[in-house]
Amino acid sequence: MIRKLIGRLLGRKTRPAPLANAEPRSYQGTAEGVRREELPKSATRTCEALQQAGFKAFIVGGGVRDLLLGLKPKDFDVATDATPEEVRKIFRRSRIIGRRFQIVHVLFGRETIEVSTFRALQADAETDEHGRVLRDNVWGSQAEDATRRDFTINALYYDPVADLILDYHDGVRDLHRRTLRMIGDPATRYREDPIRMLRTARFAAKTGFTIEPATSAPIRELAPLIHNVPSARVFDEMLKLLQSGHALDSLHQLRSEGLHHGLLPLLDVILEQPDGARFVHTALANTDQRVAEGKSISPGFLFATLLWQQVRVRWDARVAAGENSIPALHSAIDSALDEQGEKLSIQKRIVGDMREIWVMQPRFEKRSPGAANRLVAHLRFRAAYDFMILRCDAGDAPAELGAWWTRFIDAGSDAREELLAQAPAGAVKRKRRRRGARKPSGKAQTEGADTQAAPNDAE
């Protein structure tokens with residue numbers, strides 16, 4: 001009773017801690033399919049240096065999981081019983097980051113190894129009113145650290161020096177069973193960190209595993225807790241989901257778990273607007289293909305594709321209401337970004353890339369020599385061109401437009417002149433009257449003046 005009372009006064013909530021198995025199962029890494037030659041030297045050297053200094057050190061989490069699944073890990077994290085300050089002393093090129101959850105970044109050239117200290121189980125962790133943990137820098141044992149992790153398949157520890165896997169929660173068995181299972185009580189774990197609900201959908205889509213019924217059951221009811229997560233963290237998780245190489249499957253998994261409607265405007269746009277379904281599916285299929293081929297993904301381009309239908313619908317409505325095309329486009333962009341910004345804190349540099357890609361789309365309609373050459377010279381031309389081609393593939397823009405620009409950028413100077421001469425006239429830009437020129441009057445004025453520029457004509 002006293003501890004509960006003190007917890008309330010300090011803004012904390014007590015909760016039962018899940019039990020940790022003191023003795024883990026152990027497996028030989030190579031016998032389970034780990035290819036030690038695929039490990040980056042940076043991760044192995046980090047473990048070796050920590051062990052030589054008298055500490056425990058293991059590769060942990062997604063790196064181990066993906067190695068066992070025969071996938072190429074995106075990165076390798078290390079867990080140790082050394083504190084951040086002790087890790088910092090061992091590695092000259094390192095820095096401590098984070099406040100809520102302190103970790104150390106150890107630098108090897110362009111590579112960064114993330115090193116975390118084993119976390120303790122806390123029965124009275126500081127939480128908000130919904131149960132989300134606010135501060136988490138209490139060090140503990142490896143068994144406690146394993147119990148603190150989200151899924152059993154992410155709680156595997158691999159020692160690259162001894163070629164040994166330690167498994168406290170039957171994660172290896174779940175890998176063989178192709179089952180995604182939360183460690184501890186799922187509802188409690190989701191309240192601690194609602195982002196775990198999004199991670200459940202992402203991992204299920206990435207691995208093709210079946211979500212254990214007890215792990216899936218609380219998600220639909222607790223989904224509104226995502227509103228309490230800082231928008232920057234939601235953005236980071238959504239970016240991981242969309243760049244996972246299984247974006248389409250992930251979005252369908254979000255829908256099946258009840259994690260879309262009303263929670264994130266972005267998901268409503270993607271999943272609830274039939275007009276944009278073809279465009280979005282084409283965009284995400286292309287993104288998944290690039291990931292499979294090991295190519296880079298531009299976050300600005302990706303989010304520009306996902307929000308384009310929302311921008312286009314609002315743009316068309318404003319033009320139909322009589323607004324000038326380009327101001328209407330800028331207003332539509334502002335409106336769409338403001339709506340997303342309430343739940344998804346898209347980084348400013350990414351927003352800047354999105355804006356440039358969008359505002360360049362009308363310029364592809366103009367194929368005069370000056371306009372075309374200026375557009376090709378633009379710093380963001382390639383991204384805007386790829387976006388335009390995507391629109392053509394999805395039926396959002398004429399196929400002829402994409403074919404013409406593809407020929408134009410591959411052509412020499414003579415061929416470009418010929419293409420420009422054969423290009424459709426398109427919209428005519430209003431001519432500017434020279435200073436001092438006499439203004440026509442009467443009927444001549446009406447008949448001689450250009451009509452108002454049509455949508456998509458301005459640069």
Side-chain angles (χ1 to χ4, degrees), residues 227 231 234-235 238-239 242 247 251 254-255 260-284 286-287 298-366 375 378 380 383-398 401-402 426-427 429-430 452-459:
H227 291 309
S231 57
V234 177
F235 171 77
M238 285 301 301
L239 189 57
L242 294 169
L251 293 178
L254 287 171
R255 167 180 272 175
H260 66 294
H261 187 66
L263 290 175
L264 295 169
L266 175 63
L267 299 183
D268 291 340
V269 170
I270 296 171
L271 298 174
E272 299 295 322
Q273 290 190 8
D275 292 343
R278 181 179 174 186
F279 181 83
V280 168
H281 280 218
T282 302
L284 293 180
N286 288 352
T287 298
S298 164
F301 184 89
L302 180 57
F303 278 94
T305 61
L306 296 180
L307 292 177
W308 170 246
Q309 293 304 311
Q310 191 177 33
V311 170
R312 186 183 62 81
V313 168
R314 298 180 187 199
W315 181 25
D316 290 346
R318 283 170 165 78
V319 172
E323 289 188 39
N324 207 313
S325 178
I326 299 307
L329 174 58
H330 284 280
S331 296
I333 291 172
D334 290 340
S335 173
L337 291 176
D338 287 344
E339 181 177 333
Q340 294 300 322
E342 294 178 4
K343 301 296 180 184
L344 200 66
S345 182
I346 305 177
Q347 298 170 7
K348 289 183 178 179
R349 63 176 180 84
I350 295 177
V351 169
D353 292 343
M354 294 164 62
R355 282 184 181 275
E356 285 198 310
I357 290 172
W358 286 334
V359 299
M360 288 173 69
Q361 295 310 299
R363 297 177 62 178
F364 286 101
E365 301 287 344
K366 296 193 63 176
L375 185 56
H378 195 284
R380 291 283 184 270
Y385 163 79
D386 289 342
F387 189 87
M388 184 267 297
I389 292 297
L390 185 62
R391 292 173 57 210
C392 295
D393 291 343
D396 186 62
L401 183 68
K429 186 175 180 180
R430 184 191 299 273
Q452 181 177 354
N456 297 349
D457 73 337
E459 296 182 348

In Å, rounded to the nearest 0.5 Å, how long is the span from [atom1] of [X] to [atom2] of [Y]?
X      : Y      : atom1 : atom2 : answer
His378 : Glu356 : NE2   : CD    : 5.0 Å
Leu307 : Ile333 : CG    : CD1   : 10.5 Å
Met388 : Leu375 : CE    : CG    : 8.5 Å
Ile350 : Ser298 : CD1   : OG    : 8.0 Å
Glu323 : Leu329 : CD    : CG    : 11.0 Å
Leu302 : Asp353 : CG    : CG    : 12.0 Å

Shortest non-hydrogen contact from [X] to [Y]?
X      : Y      : answer
Gly300 : Met354 : O-CG, 3.3 Å
Trp358 : Phe303 : CZ2-O, 4.3 Å
Ala247 : Leu284 : CB-CD2, 4.0 Å
Cys392 : Gly402 : SG-N, 3.6 Å
Val311 : Ala336 : CG2-CB, 3.8 Å

Checklist entry - When the ring planes of Tyr385 and Phe364 are compared, do they come out parallel, tilted or perpendicular, using 30° and 60° as the limits? => result tilted

Checklist entry - Val280 versus Leu306: any side-chain heavy-atom pair under 4.5 Å? => result yes

Item to check | Stepwise side chain to side chain contact (heavy atoms under 4.5 Å, CB included) test for Trp308 and Thr305 | outcome: CA-CA 5 Å; Trp308 170 246; Thr305 61; 5.8 Å; no

Item to check | Candidate list Asp396, Asp386, Thr282, test side chain to side chain donor-acceptor pair (under 3.5 Å), partner Arg391, passing option | outcome: Asp396

Check for a donor-acceptor pair, side chain of [X] on one end and backbone N or O of [Y] on the other, with a separation under 3.5 Å.
X      : Y      : result
Ser331 : Pro327 : yes
Glu339 : Ser335 : no
Trp315 : Ser325 : yes

Item to check | Electrostatic pair Arg312-Asp316, nearest N-O below 4.0 angstrom | outcome: yes

Next on the checklist: If the threshold is 4.0 Å, N to carboxylate O, is there a salt bridge linking Asp334 and Arg355?
Outcome noted: yes

Item to check | Candidate pair Phe301 and Thr287, rule side chain to side chain contact (heavy atoms under 4.5 Å, CB included), full reasoning | outcome: CA-CA 10 Å; Phe301 184 89; Thr287 298; 5.9 Å; no

